[in-house]
Amino acid sequence: MQYENLALHTDKYQINMMYAHWKHGTDQHRAVFEAFFRKLPFGNGYAVFAGLQRIVEYIRGLQFDERAIRYLSEQEERYDPEFLEALRSFRFRGNLYAMREGTLAFPEEPLIRAEGSIFETQLIETAVLNFMNFQTLITTKASRIKGVSPDDVFFEFGSRRAQEADAAIWGARAAYIAGFDATSNLLAGMMFGIPTKGTHAHSWVQDHHTEEEAFLQYAEALPNQVTLLVDTYNTLKSGVPNAIKVAKAMEARGRRMSAIRLDSGDLAYQSIKAREMLDRAGLDYVKIVASSDLDEHTILNLKSQGARIDLWGVGTQLITAADQPSLGGVYKIVAKEEDGALVPTIKISGNPEKITTPGLKEVYRLFDRETGKAIADYIALQGEEDVVRGEPLKLFDPIHPYLGKLAERYDAVSLLQPIFRAGKQVYELPTSEEIRAYHQQQIATLWPEYLRKLNPEKYRVNLSERAWSLKREMIEKYKM
Ligand SMILES: Nc1ncnc2c1ncn2[C@@H]1O[C@H](COP(=O)(O)OP(=O)(O)OP(=O)(O)O)[C@@H](O)[C@H]1O
Ligand SMILES: O=P(O)(O)OC[C@H]1O[C@H](OP(=O)(O)OP(=O)(O)O)[C@H](O)[C@@H]1O
Ligand SMILES: O=C(O)c1cccnc1
């Protein structure tokens, strides 16, 4: 069953709340929501915001078609037909602000802000979080993996093990924007302009009388891109010697073999031995690819063992974010309309981490003027001018006030970009290549202590004094 319209890609409770608002005539009241996450995934020092392209495409196409309307009319809620008529003419006419994809993001700061009628801002919650949570998670994982060895080449090989097709395709894009060099998924390659790479499977070797014959036939058919999988029978006794024979035969015809691929066993030992064998045969240009359930830990470990691997094929662990399957991003209302004006709103919780931060906020990244490195992220209420003017700022952590710091010679960059204004797209989506380059620049703005894989330093995200005062006053007001 092929059906592309995503209007019903929402939780039923959104439609129920929209309906109740419509019944009470409050559906056009204004509201502001922010999307953020509370905890960094994988123990990493930063996350990488992604998902915006899909969100933009979703919002642009957001329209209830006949089939969706008919389906809604059959629900046990028995929605009033006039409500369904209102849905028929529904279009997103609000404002949307978001970080650029590839931006480094930290807990508790808004990555997206949606402003508009409660009707439209409520509807988009599910899809926005769905796209943001998955893509940010995989992009973060990929950035973390690439960060282990930024000069090596990384291929994304995860499609076959991904949680279905969308995850494979958008996951391949996530890997690329985070710094991977290519994907094996051709559809992702075509859709997003990502370079594609492919070697061959064990089946190719098994499907021939001998390994040597398999290698020769492959090299003959695809002479420009020969990477031979050498572990089907015995890597060092048969796979590598056969690959060397074929490489020599190719040389005789003026061709060069690209690489061999190791896919099982002790990858450190085998890559060291294979490198020696290749070099001894005068094949120092033949590279070594490794795959086999790799992640940042195994890659780091292999490097520390002196593995001679140049290219890494990473699948399952990346595409499924195996060690943490969800980002846990949330979408919370921060302001609502009361008597014609927008007023801040708060959610109180017994768990202090779950108390929301009220009011419309901007996020600024403060960069040290001398070093160009990021000092902190500063969350201010909309309209606060001191940060925009570059005035000295008292950075303080309300939970640990003794960790105060004065920011003086900084440049403040506002991280939330206008994407839609009054329903009109005002942001031109960058190419995958541009996002990838931008992400590398972002990485260069963090000191190494935030980038390390194990126990990274916590990056400072602070509220302005006004944002903090508003929060404190509202907590007081609702205190039982
Ligand atoms: N030298 C090494 N140090 C640490 N981890 C390694 C080393 N060599 C391989 N590994 C990792 O160990 C795991 C080996 O997995 P496993 O034993 O299940 O399969 P395999 O050797 O690849 O064989 P097969 O795929 O045929 O089952 C993989 O995650 C691989 O990346
Ligand atoms: O291990 P991952 O990180 O998920 O990387 C992708 C894996 O997919 C392939 O194996 P598979 O056994 O599916 O096919 P094959 O017959 O080509 O080895 C490939 O050989 C890798 O081992
Ligand atoms: O091209 C490859 O080597 C490849 C592609 C997908 C999965 N595993 C390996």
Side-chain angles (χ1 to χ4, degrees), residues 138 141-142 144-146 148-149 152-165 167-169 171-172 174-176 178 180-189 194-208 211 214-215 218-219 221-222 224-240 243 257-275 286-323 325 453:
I138 305 301
K141 181 77 175 169
R144 183 170 161 81
I145 294 172
K146 172 79 181 179
V148 169
S149 192
D152 290 351
V153 174
F154 286 77
F155 300 146
E156 185 281 310
F157 279 173
S159 293
R160 62 191 58 202
R161 310 257 152 62
Q163 331 293 27
E164 261 279 3
I169 290 159
Y176 185 66
F180 270 53
D181 298 275
T183 176
S184 60
N185 187 301
L186 285 169
L187 181 55
I194 304 173
T196 53
K197 285 282 180 204
T199 73
H200 67 77
H202 295 104
S203 60
W204 174 260
V205 178
Q206 290 167 259
D207 197 24
H208 288 79
E211 187 179 57
F215 286 178
Y218 191 82
L222 295 130
N224 298 329
Q225 198 42 257
V226 180
T227 296
L228 299 175
L229 176 60
V230 292
D231 76 331
T232 306
Y233 302 122
N234 186 317
T235 301
L236 297 178
K237 291 208 173 104
S238 122
V240 178
M257 180 183 284
S258 302
I260 60 165
R261 177 159 74 96
L262 306 172
D263 189 47
S264 59
D266 184 329
L267 297 173
Y269 176 76
Q270 291 185 1
S271 65
I272 291 166
K273 289 288 164 202
R275 185 73 271 157
V286 174
K287 303 248 185 279
I288 300 181
V289 185
S291 51
S292 180
D293 219 22
L294 295 169
D295 65 7
E296 64 274 37
H297 307 293
T298 41
I299 294 171
L300 194 60
N301 221 279
L302 286 164
K303 302 224 49 117
S304 78
Q305 294 167 54
R308 300 294 306 275
I309 295 163
D310 312 289
L311 308 99
W312 305 88
V314 186
T316 314
Q317 296 293 323
L318 163 65
I319 209 75
T320 65
D323 49 338
K453 307 296 159 237

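A quick note: this is a predicted structure, and the numbers were derived from the prediction, not measured. As the structure lists them, so they are numbered: ligands from 1, and atoms in each ligand from 1.
- Only the side chain of L302 comes within 4.0 Å of ligand 1, counting heavy atoms alone; its backbone N, CA, C and O stay farther away.
- The closest side-chain heavy-atom distance from I319 to F157 is not below 4.5 Å.
- The backbone N or O of G239 sits less than 3.5 Å from a side-chain atom of E211, completing a donor-acceptor pair.
- For ligand 2, the polar-atom distance check finds an N/O of R261 within less than 3.5 Å of one of the ligand's N/O atoms.
- Within a 4.0 Å radius of atom 29 (O) of ligand 1, the protein contributes at least one heavy atom.
- For atom 14 (C) of ligand 1, no protein heavy-atom neighbour is found at a distance under 4.0 Å.
- Side-chain atoms of D152 and I299, non-hydrogen and from C-beta on, never get closer than 4.5 Å to each other.
- The protein atom (non-hydrogen) at minimum distance from atom 5 (N) of ligand 1 is T298 CG2, 4.2 Å.
- Put simply, the side chain of V153 does not reach to within 4.5 Å of the side chain of D310, judged on heavy atoms.
- Short contacts between ligand 2 and G315, defined as distances under 4.0 Å to a heavy atom of the residue, involve ligand atoms 2 (P), 3 (O), 4 (O), 5 (O).
- A heavy-atom distance below 4.5 Å is found between the side chains of V314 and F180.
- A donor atom on one side chain and an acceptor atom on the other are found under 3.5 Å apart for D295 and T298.
- Every atom of ligand 2 with a heavy atom of D263 under 4.0 Å away is listed here by number and element: 18 (O), 19 (C), 20 (O), 21 (C), 22 (O).
- Of the protein's heavy atoms, Q305 NE2, 3.0 Å lies nearest to atom 3 (N) of ligand 1.
- Near A201, meaning under 4.0 Å from any of its heavy atoms, are these atoms of ligand 2: 17 (O).
- Taking a 6.0 Å sphere around CZ of R275, one finds it holds more than 12 heavy atoms contributed by other residues, nucleotides or ligands.
- For ligand 1, the atoms sitting less than 4.0 Å from at least one non-hydrogen atom of D263 are 22 (O), numbered in the order shown with element in parentheses.
- Between D181 and K146 there is a salt bridge, with a side-chain nitrogen of the basic residue lying less than 4.0 Å from a carboxylate oxygen of the acidic one.
- Contact of the V240 side chain with the V230 side chain is registered, since non-hydrogen atoms from C-beta on lie closer than 4.5 Å.
- Looking from atom 23 (O) of ligand 1 to the surrounding protein, the closest heavy atom is S264 CB, 3.4 Å.
- A side-chain donor from one of R261 and S291 sits under 3.5 Å from a side-chain acceptor of the other.
- A heavy-atom distance below 4.5 Å is found between the side chains of T320 and Q163.
- In this structure, atom 8 (N) of ligand 1 lies nearest to the protein heavy atom L267 N, 3.0 Å.
- Residue, atom and distance of the protein heavy atom nearest to atom 8 (N) of ligand 3 are F157 CD1, 3.7 Å.
- Which parts of ligand 1 touch L294 is read off a 4.0 Å heavy-atom cut-off, strictly below it: atoms 31 (O).
- Between K453 and E296 there is no salt bridge, since no side-chain nitrogen of the basic residue lies less than 4.0 Å from a carboxylate oxygen of the acidic one.
- Atoms of ligand 2 lying under 4.0 Å from any heavy atom of R161, numbered from 1 in the order shown and given with element: 4 (O), 7 (C), 8 (O), 11 (P), 12 (O), 13 (O).
- Every heavy atom of D231 sits 4.0 Å or more from the atoms of ligand 1.
- Nearest protein heavy-atom neighbour of atom 3 (O) of ligand 3: T199 OG1, 2.4 Å.
- Proximity to A268 (heavy-atom distance under 4.0 Å) selects the following atoms of ligand 1: 1 (N).
- Remark: minimum distance from atom 9 (C) of ligand 1 to any protein heavy atom is reached at G265 O, 3.2 Å.
- The single protein non-hydrogen atom nearest to atom 16 (O) of ligand 2 is H202 ND1, 3.5 Å, given as residue, atom name and distance.
- The shortest N or O to N or O distance between R160 and ligand 3 is not under 3.5 Å.
- A 4.5 Å side-chain heavy-atom check between F155 and L311 finds at least one atom pair inside the cut-off.
- A 6.0 Å sphere centred on OH of Y233 holds more than 12 heavy atoms belonging to other residues, nucleotides or ligands.
- With ligand atoms numbered from 1 in the order given, ligand 2 contributes 1 (O), 2 (P), 3 (O) to contacts under 4.0 Å with heavy atoms of D293.
- With no hydrogens or angles considered, no side-chain donor-acceptor pair links S292 and D263 at under 3.5 Å.
- The contact set between ligand 2 and T316, taken as ligand atoms under 4.0 Å from a residue heavy atom, comprises 2 (P), 3 (O), 4 (O).
- In terms of protein heavy atoms, atom 14 (O) of ligand 2 is closest to R160 NH1, 3.1 Å.
- Set against the non-hydrogen atoms of G198, the atoms of ligand 3 under 4.0 Å away are 1 (O).
- Considering D266, I272, T316 only, the shortest heavy-atom separation from atom 1 (N) of ligand 1 involves D266.
- Taking the side chain as every heavy atom from C-beta outward, Q317 and D323 never approach each other to under 4.5 Å.
- The aromatic rings of Y218 and W204 lie perpendicular to each other, with more than 60° between the two planes, well past the 30° mark.
- Here Q317 has no heavy atoms under 4.0 Å from ligand 2, in either its backbone or its side chain.
- For atom 31 (O) of ligand 1, the nearest protein heavy atom (residue, atom name, distance) is S292 O, 2.6 Å.
- Using a 4.0 angstrom heavy-atom cutoff, S292 counts as in contact with ligand 2.
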